[in-house]
Amino acid sequence: MPQDPVHREETELNVKTRPKTQRPPMYKVLLLNDDFTPMEFVVHILERLFAMSHSQAMQVMLTVHRKGVAVVGVFSHEVAETKVAQVMELARRQQHPLQCTMEKE
Ligand code: TYC
């Protein structure tokens with residue numbers, strides 16, 4: 001950028017009047033604890049659908065188990081919806097009561 005006073009002023013003016021670019025809202029995907037879903041199943045879900053390593057998946061699963069809920073990822077609305085649907089479908093197929101929801105960040 002030119003740094004002489006005239007050009008500097010233009011640069012600052014541009015910064016002030018530049019239209020704000022809106023970032024799309026992001027969504028947290030939350031996993032909820034229950035008393036019945038096996039721990040290994042939750043770990044498997046976190047590895048497969050949320051690209052976590054085995055030890056990372058274990059840690060997050062134990063956080064949900066102890067605290068009741070944890071954020072397992074932050075995504076665009078479309079991706080978050082897909083992740084929630086995939087978790088719910090895999091749990092339903094195995095007849096586990098695992099619950100997964102999303103909320104605006
Ligand atoms: N609480 C479950 C158990 O003791 C394990 C579990 C962890 C279930 C995380 C759901 O999102 C969950 N088998």
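All residue numbers in this chain count up from 1 along the given sequence. For ligands, and for the atoms within them, numbers begin at 1 and follow the listed sequence.
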Describe, in one word, how the ring planes of His77 and Tyr27 are oriented to each other, choosing from parallel (under 30°), tilted (30 to 60°) and perpendicular (over 60°).
-> perpendicular
Hey, what do you get for CE (Met58) to CD (Glu40), rounding to the nearest 0.5 Å?
-> 9.0 Å
So which heavy atom on Ser53 is nearest to which on Glu47, and how close?
-> O-CG, 4.2 Å
Below 4.0 Å from any atom of ligand 1, which residues have a heavy atom? Give them in chain and number order, please.
-> Leu31, Leu32, Asn33, Asp34, Thr37, Met39, Val42, Met61, Val64, His65, Leu98
Nearest 0.5 Å, what's the CD-CG distance between Glu103 and Leu30?
-> 5.0 Å
Rounded distance (nearest 0.5 Å) linking atom CD1 of Ile45 with atom CG of Leu98 | 6.5 Å
Straight-line distance of His44 NE2 to Leu49 CG, nearest 0.5 Å = 7.5 Å
